[in-house]
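For reference, the structure is listed below as structure tokens.
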Amino acid sequence: MNTVDTELHPAAPKDFIRAMIENDLNARRHAGVQTRFPPEPNGYLHLGHAKSICLNFGVAQEFSGACNLRFDDTNPLKESQEYVDSIRKDVRWMGFTWTNECYASDYFEQLYAFAEALIFAGKAYVDSQTMEEIRTNRGTLTKVGVDSPYRTRSVEENIALFRQMRDGQFADGAHVLRAKIDMAAANIVMRDPTLYRIRRATHHRTGNTWCIYPLYDFTHCISDSLEKITHSLCTLEFANNRELYDWVLESLNLFPSRQTEFARLSITRTILSKRKLIQLVEEKHVAGWDDPRMPTLSGMRRRGVPPEALRDFCQRIGVARAENTVDFSLLEFCIREHLNTTAPRAMAVLDPLKLIIENYPEGQVEWFDLPLTPDAPEKGVRRIPFSREIWIEREDFREDAPKKFFRLAPGQEVRLRCAYYITCKAVQKDENGNITALVCTYDPQSRGGGTPDNRKVKGTLHWVSASHATPITVRLYDHLFTQDDPDNVPDGQSFIDTINPASLVTVSALSDPTVAALKPGETVQFERLGYFCADADSTPEDTVFNRTATLKDTWAKMEKR
RNA sequence: AGGGGUGUAGCCAAGUUGGUAAGGCAACGGGUUUUGGUCCCGUCAUUCGUGGGUUCAAGUCCUCCCGCCCCUGCCA
């Protein structure tokens, strides 16, 4: 039922959910496992959903069960087909295939019938209080609620009213259908929860067929039950709703699906609230849901994050009931770990400094074969041109080199990766003292990057032949990081104000010709710079790269100290 | 007359019926390396929110206290 590479992803460790399911199976409480991933199509999927996807589909796979994709589309005001389409695409991209594609809206007729059944059983009534009255009469955390004056309506009156609600004979908000439970319940969810409201809105799937829509608490449990979901996994904030979930299914004598809650995912300095993500898109702080800086699945896909890395991440963070905030470095680690063995290498220079090899013949070009991935030589080679004038990274040269600086300095010999040893002989400057070029000599004996006398050099530089350089555009985008916890910003600030400005930097760069063959969506490692993914925005003249992940940089760390 | 959850290292997170604190990330040291990448080796909880108690033995059992999260939508 799935396409997950089990080689890369061994069985997940046993968390409390898997332990519970194993237990249920051993006790023969179920013949098999049936789960579901139930997003509301009111936004794009993000990393938090990835955790739920991996859990629900993963568990089904591990126990030879099935997992449905179900759209919880009961609020037409917020939902759209665009979101449905994006969710289907993102789940597939994550590497999972659903058993059935379901929609709560497909159950509207059945849901309505169950509502009438509740009325006939004397367990639901039509309330005609205003929204404010309902709120007031619900009581508070420490004060019990009071019964609605309409609570004692007869079954006949309730049925008549409810049918008129459906027929569109009342204005929005005039009445609601409520479960008759207990206005003094300690659990506020149980104080006669609203089951149906009148809402004249066009639904993206049912159009104007309905003017009443069921609410989550009534819909979700019944949907689970109709699909024979054995294990309904959801996040912790629904724990209070479990009592009502069970009440509805028991009252209607339906298949006893069971809800189990787990802690939602938080990642340091990362926005994972759908409300905030919608705000970023609507206020145009980003180009769209798939902006490469977005922590959405579509954004990360565009940034070059492989789905394998996300699955690995979800497995490593585990599943538990304690609130948690995972360090972003774990996600980066998972991305790097996957890309290290899969991404081809290329050389690029972000801030070019001209280097002239004075004893190299003018007009001569040599082609060197460099490994595509050094740790997997079988993956082949890339052909890189070398000539008299090349570009190196400006920060790879220091006139007054600190002691642990292994790179180029006056009089210093270093290696140009896979090409030659060079020695810096002179520094050219303009009238302002800015370095304009470096004059070097090369050792013809060191062709390929080694010498007959086995002379060692400490540094290896990356380079691009000046006459062959390919101009590219590089977006040094990161996640749209906030400076700290996005859900807890300083007084008087919006989380928007705390977005890291570094996530906006775009630079022009020069690359070796390897990138010319790259197609959008393909990721390379620009050696020592990081992983970069070719963007769909690219043109034949200008390839645009989004930074997928950085590399560890021990020199930068050391220098900072 | 509140209810429901939860606390194990900087961050995640395992810890069977009580038997002497897994693993990963991060960090730090060292080795290998034609990427200051990768890889390899090593260090990193005398203690599990706090105080009592039971026990030969407590992260696990009992109990007091404390912290944090969720719930008063006709959102999900």
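Just so it is clear, the values below take in all heavy atoms, side chains as well, and ignore hydrogens, waters and symmetry mates. Order of the sequence lines sets the chain letters (A, B, ...), proteins ahead of strands, with each chain counted from 1. Nothing here was measured: the structure is a model prediction, and the numbers come from that model.
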Could you work out, with side-chain contact (heavy atoms from CB on, under 4.5 Å) as the rule, every residue matching A/Lys276, not counting sequence neighbours?
A/Ile271, A/Ser273, A/Asp487, A/Phe495

Sorted by chain and residue number, the ring pair (Phe, Tyr, Trp, His ring centres under 6.0 Å) partners of A/Tyr103 (sequence neighbours excluded) come out as A/Phe71

Considering residues at least two apart in sequence or located in another chain, which fulfil the salt bridge (Lys or Arg N to Asp or Glu O under 4.0 Å) criterion with A/Glu395?
A/Arg407

Could you check how far CG of A/Leu77 sits from C1' of B/G73, rounded to whole Å?
13 Å

Per the atom types in the model, does the base of B/G3 pair as donor or acceptor with the side chain of A/Asn240 at under 3.5 Å?
yes

Would you be so kind as to tabulate the donor-acceptor pairs closer than 3.5 Å made by side chains of residues 38-50 of chain A, with sequence neighbours excluded?
unit_1	atom_1	unit_2	atom_2	d
A/Glu40	OE1	A/Asn42	ND2	3.0
A/Asn42	OD1	A/Lys274	NZ	2.6
A/Tyr44	OH	A/Glu82	OE2	2.7
A/His46	ND1	A/Gly48	N	2.9
A/His49	ND1	A/His46	N	2.9

Between atom NE2 in A/His175 and atom C1' in B/C74, what is the gap in whole Å?
13 Å

Report yes if a donor N or O on one partner sits less than 3.5 Å from an acceptor N or O on the other, where the partners are the side chain of A/Arg336 and the base of B/G37; otherwise report no.
no

Nearest whole angstrom, please: distance from the P of B/U38 to the CD1 of A/Ile335.
15 Å

Does B/G10 count as syn, meaning its glycosidic angle lies within 90° of 0, or as anti?
anti

At a heavy-atom distance below 4.0 Å, what parts of residues 370-385 of chain A sit against RNA chain B?
A/Pro374, A/Asp375

Can you list the steps and then say if A/Arg178 with A/Leu195 is a side-chain contact (heavy atoms from CB on, under 4.5 Å)?
CA-CA 5 Å; A/Arg178 289 232 256 170; A/Leu195 269 21; over 6 Å; no

According to side-chain hydrogen bond (donor to acceptor under 3.5 Å, both in side chains), who are the partners of A/Ser86, at least two apart in sequence or on a separate chain?
none

N/O-N/O pairs, protein side and nucleotides 40-43 of chain B side, under 3.5 Å:
none

When you measure from every atom of RNA chain B, which of residues 131-150 of chain A have a heavy atom less than 4.0 Å away?
A/Met131, A/Ile134, A/Arg135, A/Arg138, A/Gly139, A/Thr140, A/Leu141, A/Thr142, A/Val144

Between protein and nucleotides 5-8 of chain B, what N or O pairs are separated by less than 3.5 Å?
unit_1	atom_1	unit_2	atom_2	d
B/G5	O3'	A/Arg321	NE	3.4
B/G5	O3'	A/Arg321	NH2	3.4
B/U6	OP1	A/Arg321	NE	3.1

Can you name the residues that form a side-chain contact (heavy atoms from CB on, under 4.5 Å) with A/Lys456, not counting sequence neighbours?
A/Asn454

Which residues satisfy the salt bridge (Lys or Arg N to Asp or Glu O under 4.0 Å) test with A/Glu22, sequence neighbours excluded?
A/Lys14

Which whole-number value in Å describes the distance from A/His220 NE2 to B/C75 P?
17 Å

Mind checking what makes side-chain contact (heavy atoms from CB on, under 4.5 Å) contact with A/Val326, not counting sequence neighbours?
A/Leu265, A/Phe313, A/Ile317, A/Asn324, A/Leu330

Rounded interatomic separation in angstrom, taking CZ from A/Arg18 and C1' from B/A14
14 Å

Rounded to whole angstrom units, what separation is found between the CD atom of A/Glu237 and the C1' atom of B/C68?
16 Å

